[in-house]
Every structure is written in C-alpha cells, then in structure tokens.
Trainee: 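This is the structure, below, for whatever I ask next.
The figures here come from the full heavy-atom set of this structure, side chains too, leaving out hydrogens, waters and symmetry mates. Since this is a predicted model, take the numbers as computed values, not measurements.
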Amino acid sequence: MLLRDYQQRALSMLLEAGRERPIIAMPVGSGKTVVFSTMVRMALERKRKRSLIIAHRRELILQARDRLAAQGVAAGIIMSGEAATDHPVQVASIQTLIRRDLPPAEIVVLDEAHHVPSDSYQGVIEHYRDAGAWITGWTATPFRLDGKGLAPTFTTILVPTTCRALCDTGVLVEPLVYAPPGPDLKGVKTVAGDYHEGQLLERMSNLTGDIIAHWKQHAAGKRTVAFTVNVKHSILLRDQFVAAGVAAEHLDGTTDHAERDAVLQRLADGEIDVLCNCMILGEGWDLPSLEVAVLARPTKSLCLHLQQIGRIMRCAPEKDGALVLDHAGNHHRHGLVTDPIDYSLEETVKKDPEERPFKTCKACYALIPIDADICPECGAVCEKKPRRDIEHDETKALEKYDPVERREVYRD
C-alpha cells in the first residue's frame with residue numbers, strides 16, 4: 001500500500017525514536033490506522049514480530065481489523081462475542097482484554113491514546129512494558145480535559161503533520177464555520193472538568209428553534225451529524241427536526257449494535273439528513289461523505305471540539321465542502337481546528353479544588369465569591385449584567401466565524 005508523504009514521515013519518525021515510547025499526533029482523517037497497520041505488517045513480514053492493537057470502541061476495533069486485512073494481514077479479535085484465535089496480530093477491546101490472559105506481543109499499539117491514563121489501561125501497559133514490548137500511542141488529540149498528562153506512559157511526542165498542512169494540500173476539507181455568540185452559560189457549574197450536564201441541558205434546550213432554522217438556511221439536504229448535551233437533548237432535537245419536516249434520527253449508548261449500524265447506513269445512503277447523538281460519534285466513526293456538524297453541546301474540552309469537527313473533514317467524491325454550525329460557542333473557547341497546537345506530555349496545572357473563583361465588589365473593591373449577590377464585606381448589592389435571553393428568532397442570520405472576534409471575546 002502506498003503511503004502519503006506525511007504518513008511515510010510518521011513511520012520514519014517512529015524508527016528514529018528507537019526504544020522510546022512515542023505517541024504519534026496526527027489529525028482526524030489523516031489515516032492513523034493505515035500507518036500503524038503498515039507498521040504492524042512490516043514488523044510481521046520482516047521480523048516475525050507479534051503485535052497487539054488496543055482500542056476502546058467496537059468501531060475502532062473493526063476498523064483496525066479491516067485496514068490490516070486490506071494489507072493481507074489476518075488479525076484475531078479479542079472482544080466479547082468473538083472467538084479466540086492464535087494469530088500473531090490481535091486487535092483487542094480494552095474492556096475485554098483486562099478480563100482475560102494477555103496475549104504475547106512485541107509491539108503494542110494504543111489507538112485513541114489520550115485515554116491511557118485511565119486505570120483500565122495502566123495495568124495492561126505495565127505488563128507489556130515490563131515484558132520489553134515496544135509501546136506506541138496514536139491519537140489526533142494527545143491531551144485530556146482532566147489535566148492528566150500522557151507522561152510517563154509515553155516518553156516523546158511525534159507530529160508528522162498538522163491539520164493546517166493537510167487542509168492546504170487538499171487531504172482534508174477545511175470547514176466553513178458559522179458561530180453566533182454562544183449561549184449564556186453564566187452560573188453553569190463545572191463537573192469533572194466540563195460543564196454540568198443538567199444545567200447545560202436547561203440552557204441549550206431553548207436553542208432548538210434556532211438550530212433548525214439555521215440548518216434549513218445553510219445546510220438543507222446535506223448529511224449532518226448533531227452533537228448534543230445528553231440523550232434527552234438528542235431526542236428533543238431529533239423530534240424538533242422531524243416536526244419541521246426533516247428526516248432525522250437519534251443514537252445513544254443504549255442503541256444496540258444492529259440498530260446503530262442500520263441507522264448509520266441510512267445516513268450514508270442519504271435516507272436521512274440529520275443524525276442526532278450524544279457521545280457516540282465523536283470518535284471511531286468515519287463517513288467521508290458527511291458534510292455538516294451541528295455543535296449543540298458547549299464543552300471545555302479541546303479534545304472533544306477537535307474530534308467532533310474532524311468527522312466532517314474527510315474528502316469524498318462529489319463532496320464540495322464542510323460546514324460547522326456552532327450554536328455552542330465552542331469556537332469562541334477553542335478556536336479553529338486549523339489553529340496551531342503546542343503539544344506537551346506534561347500534566348497541565350490545575351487549581352486547588354477548594355479554591356473558589358472571585359470577583360471584585362465595585363463598592364469596596366473587596367474580592368468576593370463570584371456567585372455572591374451581596375458583598376459580605378460592605379453589604380453592597382452586587383451589580384449583575386443582565387442575562388442575555390436566548391432568542392427564538394428564526395430570521396436571525398448566522399455570521400461567519402471570525403478569529404478576530406474571538407480575540408475580542410477574550411479581551412472582554
């Protein structure tokens with residue numbers, strides 16, 4: 001199989017890394033699975049080395065198996081419902097792997113490697129590290145919302161290409177972004193590093209009218225995936241689309257595999273226009289003909305932001321562009337997917353959980369709790385900015401996202 005220049009560069013960088021434990025950062029849609037499948041094939045053919053590929057999603061496992069098969073490598077599957085084999089290459093579900101005897105392997109590939117700080121991965125990684133296996137990680141987003149760094153699991157980070165470079169050379173489709181001012185999230189709490197789901201649902205449920213109106217204006221008839229706050233929100237948005245005469249369906253974690261595959265096939269075949277989901281299609285799913293991403297879930301996670309938009313950036317025949325309708329304000333928080341990223345394996349600095357944010361009382365200039373209505377020092381009533389009500393004006397036009405506007409938001 002012929003590799004693109006940056007994919008070949010990724011292999012060269014891996015060889016130069018030697019016995020380091022590298023994590024390879026390649027954008028969504030750049031062909032990570034093709035590269036590590038090629039690496040596994042070469043190791044098997046040239047040195048008879050056994051390999052183990054580990055992933056956390058069924059879709060990723062089946063995708064890796066299919067990429068290996070395309071290169072003539074038959075791989076065993078370690079996953080619930082699959083029969084055990086003695087193939088020298090195995091593709092495993094981490095959830096199943098931790099409950100079974102670990103197969104022998106000289107090379108370990110960790111797909112979507114930003115998940116490895118979890119306890120389920122660490123025991124497996126320690127086993128293979130102690131056994132002398134070469135451990136490699138692969139992800140488009142080598143960072144985590146919870147602030148945990150990817151060191152010491154990995155010792156170096158390799159970046160063979162960037163999203164900007166792949167868009168400039170036509171490998172990926174650079175999305176056109178429409179991003180109106182984000183919803184008012186003042187007072188929404190943070191839980192485990194991201195917005196409180198219940199409070200977020202309350203704020204975002206009022207936006208369904210705008211979402212549907214703007215989709216009809218800018219994206220009618222285009223294959224669309226909508227990322228929502230939770231299952232209730234996804235069903236609500238699906239119902240609103242259907243009520244507006246749009247062919248739409250919904251997926252969540254309780255949808256069985258057969259129905260999920262059928263729904264995804266209907267989207268691929270153009271039988272439905274909009275697929276609403278909650279935390280199902282952000283990783284491990286490819287539909288190159290997908291054209292539109294509706295962001296209806298505000299998030300503090302840069303990882304989630306990049307993964308979601310990456311779903312629509314693959315090239316496909318007769319695909320004339322990609323479109324993001326950002327109703328969540330995520331571009332004002334995280335910027336464009338093509339913005340440069342300063343990667344690091346180190347843990348990010350986190351505030352003490354006991355430390356509360358403060359504001360300044362305009363009467364006495366005391367630092368007081370951010371949610372205080374009355375200053376505890378002088379008794380002054382704290383001036384509040386009027387809450388910006390979310391409107392349902394279906395005639396309101398979206399505006400193109402402007403990075404300059406984002407800088408103004410930060411300055412404010």
Trainee: Assert yes or no for the condition that the ring centre distance of Tyr178 to His214 is strictly below 6.0 Å.
Mentor: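 Ring-ring flag for Tyr178/His214: false, centres at least 6.0 Å apart.
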Trainee: Quick check: does any side chain N or O of Asp184 sit under 3.5 Å from a backbone N or O of Lys186, one acting as donor and the other as acceptor?
Mentor: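 At least one qualifying donor-acceptor pair exists.
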Trainee: Quick one: do Ile24 and Lys32 satisfy side chain to side chain contact (heavy atoms under 4.5 Å, CB included)? Show the steps, please.
Mentor: CA-CA 9 Å; Ile24 299 86; Lys32 296 183 295 296; over 6 Å; no
Trainee: What is the distance from atom CH2 of Trp138 to atom OG1 of Thr33, rounded to the nearest 0.5 Å?
Mentor: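 Output value for this atom pair is 9.5 Å.
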Trainee: Strictly by modelled atom types, are Gln71 and Ser37 linked by a side-chain donor-acceptor pair under 3.5 Å?
Mentor: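 No.
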Trainee: Show your working on side chain to side chain contact (heavy atoms under 4.5 Å, CB included) between Val292 and Val225 and close with a plain yes or no.
Mentor: CA-CA 6 Å; Val292 183; Val225 62; over 6 Å; no
Trainee: Is there a donor-acceptor pair under 3.5 Å between the side chain of Thr136 and the backbone N or O of Val108?
Mentor: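 Looks like yes, one N/O pair under 3.5 Å.
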Trainee: For residues Gly137 and Ala113, report the shortest heavy-atom separation together with the two atoms involved.
Mentor: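 Looking at all heavy atoms of both residues, the shortest contact is CA-CB, 3.7 Å.
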Trainee: Looking at Asp261 and Arg58, is any side-chain nitrogen of the basic one under 4.0 Å from a carboxylate oxygen of the acidic one?
Mentor: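 Yes.
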Trainee: Would you call Glu283 and Arg311 a salt bridge, taking side-chain N to carboxylate O under 4.0 Å as the test?
Mentor: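 No.
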Trainee: Only one of Leu323, Asp210, Val246 passes side-chain contact (heavy atoms from CB on, under 4.5 Å) with Trp215; say which it is.
Mentor: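 Among the candidates, only Val246 passes.
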Trainee: Could you check whether any side-chain N or O of His87 sits under 3.5 Å from a backbone N or O of Gln90, counting only pairs where one atom can act as donor and the other as acceptor?
Mentor: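 Between the backbone of Gln90 and the side chain of His87 there is no qualifying donor-acceptor contact (under 3.5 Å).
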Trainee: Would you tell me whether Thr153 and Gln122 have side-chain atoms, one donor and one acceptor, within less than 3.5 Å of each other?
Mentor: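 Looking only at side-chain atoms, Gln122 and Thr153 do form a donor-acceptor pair, the distance falling under 3.5 Å.
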Trainee: Check whether any side-chain heavy atom of Pro117 sits under 4.5 Å from a side-chain heavy atom of Leu150, and report yes or no.
Mentor: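 They are in side-chain contact.
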Trainee: Is there a donor-acceptor contact under 3.5 Å linking the side chains of Thr141 and Gln307?
Mentor: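 Gln307 and Thr141 do have a side-chain donor-acceptor pair below 3.5 Å.
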Trainee: Regarding Asp252 and His250, do their side chains bring together a donor and an acceptor under 3.5 Å, going by distance alone?
Mentor: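 Asp252 vs His250: donor-acceptor pair found between side chains.
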Trainee: Do Glu197 and Arg203 sit within salt-bridge range, that is, some charged N less than 4.0 Å from a carboxylate O?
Mentor: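 Result for this pair is no, no salt bridge flagged.
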Trainee: Ignoring hydrogens and geometry, is there a side-chain-to-backbone donor-acceptor pair from Asp239 to Leu236 under 3.5 Å?
Mentor: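 It does not hold such a pair.
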Trainee: Determine yes or no for a side-chain-to-main-chain donor-acceptor pair under 3.5 angstrom, with Ser205 supplying the side chain and Glu202 the backbone.
Mentor: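 Pair absent, no side-chain N/O of Ser205 close to backbone of Glu202.
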Trainee: Between Glu249 and Arg238, does any side-chain N to carboxylate O distance fall below 4.0 Å?
Mentor: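 Result for this pair is no, no salt bridge flagged.
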Trainee: Can you see whether Glu346 engages Ser344 through a side-chain donor-acceptor pair at a distance of less than 3.5 angstrom?
Mentor: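 No pair is found: no donor N or O on one side chain lies under 3.5 Å from an acceptor on the other.
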Trainee: Please report whether the ring centroid of Trp134 lies less than 6.0 Å from that of Tyr128.
Mentor: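 Not under 6.0 Å, so no.
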Trainee: State whether Glu174 and Arg164 are salt-bridged, where the test is any N-O pair (Lys NZ or Arg NE/NH1/NH2 against Asp/Glu carboxylate O) under 4.0 Å.
Mentor: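 The answer is yes: the pair qualifies as a salt bridge.
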Trainee: Please determine whether a side-chain nitrogen of the Lys or Arg among Lys222 and Asp273 lies less than 4.0 Å from a carboxylate oxygen of the Asp or Glu.
Mentor: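 Between Asp273 and Lys222 there is no salt bridge, as every charged N stays at least 4.0 Å from the carboxylate O atoms.
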Trainee: Do the side chain of Thr228 and the main chain of Asn277 share a donor and acceptor less than 3.5 angstrom apart?
Mentor: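 Flag set: sc Thr228 to bb Asn277 pair under 3.5 Å.
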Trainee: Which residue is it: Lys49, Arg48, Arg50? I am looking for the one with a salt bridge (charged side-chain N to carboxylate O under 4.0 Å, His left out) to Glu106.
Mentor: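 That would be Arg50.
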Trainee: With a cut-off of 6.0 Å (strictly less than), are more than 12 heavy atoms of other residues, nucleotides or ligands near CE of Met279?
Mentor: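 12 or below, so no.
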Trainee: Taking the side chain from Glu291 and the backbone from Arg223, do they hold a donor-acceptor pair closer than 3.5 Å?
Mentor: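 Side chain of Glu291 to backbone of Arg223, a donor-acceptor pair under 3.5 Å: yes, one is there.
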Trainee: Donor-acceptor pair, distance only, cut-off 3.5 Å: does the side chain of Thr255 make one with the backbone of Leu251?
Mentor: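 Answer holds: no.
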Trainee: Cationic tip of Lys189 within the cone over Tyr195's six-membered ring, i.e. under 6.0 Å and within 45° of the normal?
Mentor: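 No, cation not above the ring by the 6.0 Å, 45° rule.
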Trainee: With no hydrogens and no angle check, just 3.5 Å: does a side-chain donor-acceptor pair link Thr299 and Ser301?
Mentor: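 Note: Thr299 and Ser301 side chains miss the donor-acceptor criterion.
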Trainee: For atom CZ of Arg19, is the number of surrounding heavy atoms from other residues, nucleotides or ligands below 6.0 Å larger than 12?
Mentor: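 Count over threshold, so yes.
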Trainee: One thing to verify: whether Arg297 and Asp194 come together as a salt bridge, which I'm taking to mean a side-chain N less than 4.0 angstrom from a carboxylate O.
Mentor: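 The answer is yes: the pair qualifies as a salt bridge.
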Trainee: Evaluate the criterion side chain to side chain contact (heavy atoms under 4.5 Å, CB included) for residue pair Val324 and Leu295; output intermediate values, then yes/no.
Mentor: CA-CA 7 Å; Val324 179; Leu295 307 185; 3.9 Å; yes
Trainee: Are any side-chain N or O atoms of Arg9 and backbone N or O atoms of Val159, one a donor and one an acceptor, separated by less than 3.5 Å?
Mentor: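 No, Arg9 side chain to Val159 backbone: no donor-acceptor pair under 3.5 Å.
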Trainee: Does the side chain to side chain contact (heavy atoms under 4.5 Å, CB included) test come out yes or no for Leu306 and Val28, once each step is laid out?
Mentor: CA-CA 8 Å; Leu306 297 178; Val28 175; 5.8 Å; no
Trainee: More than 12 foreign heavy atoms under 6.0 Å from CG of Asp101: is that the case here?
Mentor: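 At most 12 heavy atoms, drawn from other residues, nucleotides or ligands, come within 6.0 Å of this atom.
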Trainee: Quick one about Thr155 and Glu20 (side-chain donor to acceptor, distance below 3.5 Å, no hydrogens or angles considered), yes or no?
Mentor: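 A donor-acceptor contact under 3.5 Å links the two side chains.
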Trainee: Can you tell me how far the CG atom of Leu110 sits from the CD1 atom of Ile53, to the nearest 0.5 Å?
Mentor: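 Result: 10.5 Å between the selected atoms.
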Trainee: Cut-off 3.5 Å, side chains only: do Asn330 and His305 have a donor facing an acceptor?
Mentor: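 The criterion, which ignores hydrogens and geometry beyond distance, is not satisfied for His305 and Asn330.
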Trainee: Determine whether a donor-acceptor pair (N or O, by modelled atom type, separation under 3.5 Å) exists between the side chain of Gln95 and the backbone of His56.
Mentor: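 Checked: pair present.
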